**Student:** 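Sending over a structure as structure tokens; questions will come in a sec.
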Amino acid sequence: MNTITPAASRYSRGAMAFHWIIAILIAFNFVAAFIADSLPKAEAIQIMGNHKAIGITVLILSIGRLLWRFANPVPALAAGLKVWEVALAKVTHALFYVLIIAIPASGWIMHSAFSAGKPISFFGLFAYPGLPLGQDKPTGELFKEFHEVMAFAMLALLALHIIGALKHKFVDRGGSIWRMLPGRG
């Protein structure tokens, strides 16, 4: 059985804030993308405008999260984990970091290639600059494919992450699930 003292090995409040804010924004973006596919063009454009603004926000927060992680040590993994569990945890977390940066970055490149670098409206507050790309439909299509494949990879990784958390809580009877949940400890 994995035992872990929640207060002694929890992530910092900053790490928790980055984790949950980014997770919620990503969830909103998945819902927005799926909903937009079934709407009339004018409504889909509005929703995708918000999707792009949220994506830019996720990209900025993800870079902040990565910097936070370099500056703040993460708690040790629970004692008693099998070698494969430690390896899987490390690979999963590394892939999450890659995807939370690569997915919005590929969306930004895709938008810029399709729109010749047109700025992205940030919820109507200001315009976030597009990348200095000329109109290039093949590049846009390539990055659209990357964006979608990585998004589905994120969903698979999320499922693995949730299954792992539930396994550690209910099968191993460990307390590691509390490491990233606010308000406990």
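Computed from a predicted structure; not experimentally measured.
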**Student:** Under the ring-ring contact (aromatic ring centres under 6.0 Å, His included) rule, what pairs show up with a residue in residues 24-66, not counting sequence neighbours?
**Tutor:**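 Non-adjacent pairs meeting ring-ring contact (aromatic ring centres under 6.0 Å, His included): zero.
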**Student:** Partners of Ser121 by side chain to side chain donor-acceptor pair (under 3.5 Å), sequence neighbours excluded?
**Tutor:** none
**Student:** Only one of Leu66, Leu59, Ile60, Leu61 clears side-chain contact (heavy atoms from CB on, under 4.5 Å) with Ile63; which?
**Tutor:**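 That would be Leu59; it is the only one of Leu66, Leu59, Ile60, Leu61 passing the side-chain contact (heavy atoms from CB on, under 4.5 Å) with Ile63.
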**Student:** Residues two or more places apart in sequence or in another chain: which of them pass ring pair (Phe, Tyr, Trp, His ring centres under 6.0 Å) with Phe122?
**Tutor:**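 Applying ring pair (Phe, Tyr, Trp, His ring centres under 6.0 Å) to Phe122 gives Phe126.
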**Student:** To the closest 0.5 Å, what do you measure between CD1 (Ile100) and CD1 (Ile22)?
**Tutor:**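 Reported value, rounded in 0.5 Å steps: 4.5 Å.
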**Student:** Can you measure from OG (Ser62) to CG (Leu25) and round to the nearest 0.5 angstrom?
**Tutor:** 9.0 Å
**Student:** Atom CG of Leu160 and atom OG1 of Thr92: how far apart are they, to the nearest 0.5 Å?
**Tutor:** 4.5 Å
**Student:** To the closest 0.5 Å, what do you measure between CE (Met110) and CG (Leu133)?
**Tutor:**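 Reported value, rounded in 0.5 Å steps: 12.5 Å.
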**Student:** Taking side chain to side chain contact (heavy atoms under 4.5 Å, CB included) as the definition, give me every residue that meets it alongside Ile162, ordered by chain and number, with sequence neighbours left out.
**Tutor:** Leu158, Leu166
**Student:** Please name the pair of heavy atoms, one in Ile120 and one in Ala53, separated by the smallest distance, quoted to 0.1 Å.
**Tutor:** CG2-N, 4.4 Å
**Student:** Ignoring hydrogens, what is the shortest heavy-atom contact between Ala113 and Gly140? Give both atom names and the distance.
**Tutor:**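 Looking at all heavy atoms of both residues, the shortest contact is CB-N, 3.5 Å.
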**Student:** Show me the donor-acceptor pairs, under 3.5 Å and distance only, between side chains in residues 144-155 and residues at least two apart or in other chains.
**Tutor:**
residue, atom, partner, partner atom, Å
His147, ND1, Ile103, O, 2.8
His147, ND1, Ser106, OG, 3.0
His147, ND1, Gly107, N, 3.3

**Student:** Each residue besides Val98 in its hydrophobic cluster should be listed here, by chain and number; the cluster joins Ile, Leu, Val, Met, Phe, Trp and Tyr at side-chain heavy-atom distances under 4.5 Å.
**Tutor:**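 Reading the cluster by chain and number, Val98 sits alone, since nothing else belongs.
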**Student:** Side chain to side chain donor-acceptor pair (under 3.5 Å) with Trp20: which residues, sequence neighbours excluded?
**Tutor:** none
**Student:** So does Arg65 get a backbone contact from the side chain of His19, meaning a donor-acceptor N/O pair under 3.5 Å?
**Tutor:**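 Flag not set: sc His19 to bb Arg65 has no pair under 3.5 Å.
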**Student:** What pairs of residues pass the side chain to side chain donor-acceptor pair (under 3.5 Å) test when at least one of them lies in residues 130-141, not counting sequence neighbours?
**Tutor:**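 Applying side chain to side chain donor-acceptor pair (under 3.5 Å) to every pair that reaches into residues 130-141, excluding sequence neighbours, yields Asp136-Thr139.
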**Student:** Give every residue pair that meets the side chain to side chain donor-acceptor pair (under 3.5 Å) criterion with at least one member in residues 40-50, sequence neighbours excluded.
**Tutor:**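 For residues 40-50: none.
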**Student:** Considering non-hydrogen atoms only, spot the tightest contact between Ser12 and Trp68 and give its length.
**Tutor:**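 Shortest heavy-atom separation between Ser12 and Trp68 comes out as OG-NE1, 2.9 Å.
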**Student:** For residues Arg179 and Met16, report the shortest heavy-atom separation together with the two atoms involved.
**Tutor:** O-CE, 3.7 Å
**Student:** Considering only residues two or more places apart or on different chains, which pairs with a residue in residues 81-110 satisfy ring-ring contact (aromatic ring centres under 6.0 Å, His included)?
**Tutor:** His93-His161, Phe96-His161, Trp108-Tyr128
**Student:** Grab the two heavy atoms, one from Leu99 and one from Pro104, that are nearest each other, plus how far apart they are.
**Tutor:**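 That would be O-CD, 3.8 Å.
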**Student:** Connecting only ILVMFWY residues whose side-chain heavy atoms lie within less than 4.5 Å of each other, what is the rest of Ile47's hydrophobic cluster?
**Tutor:**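 Result for Ile47 is Val31, Ile35, Leu39.
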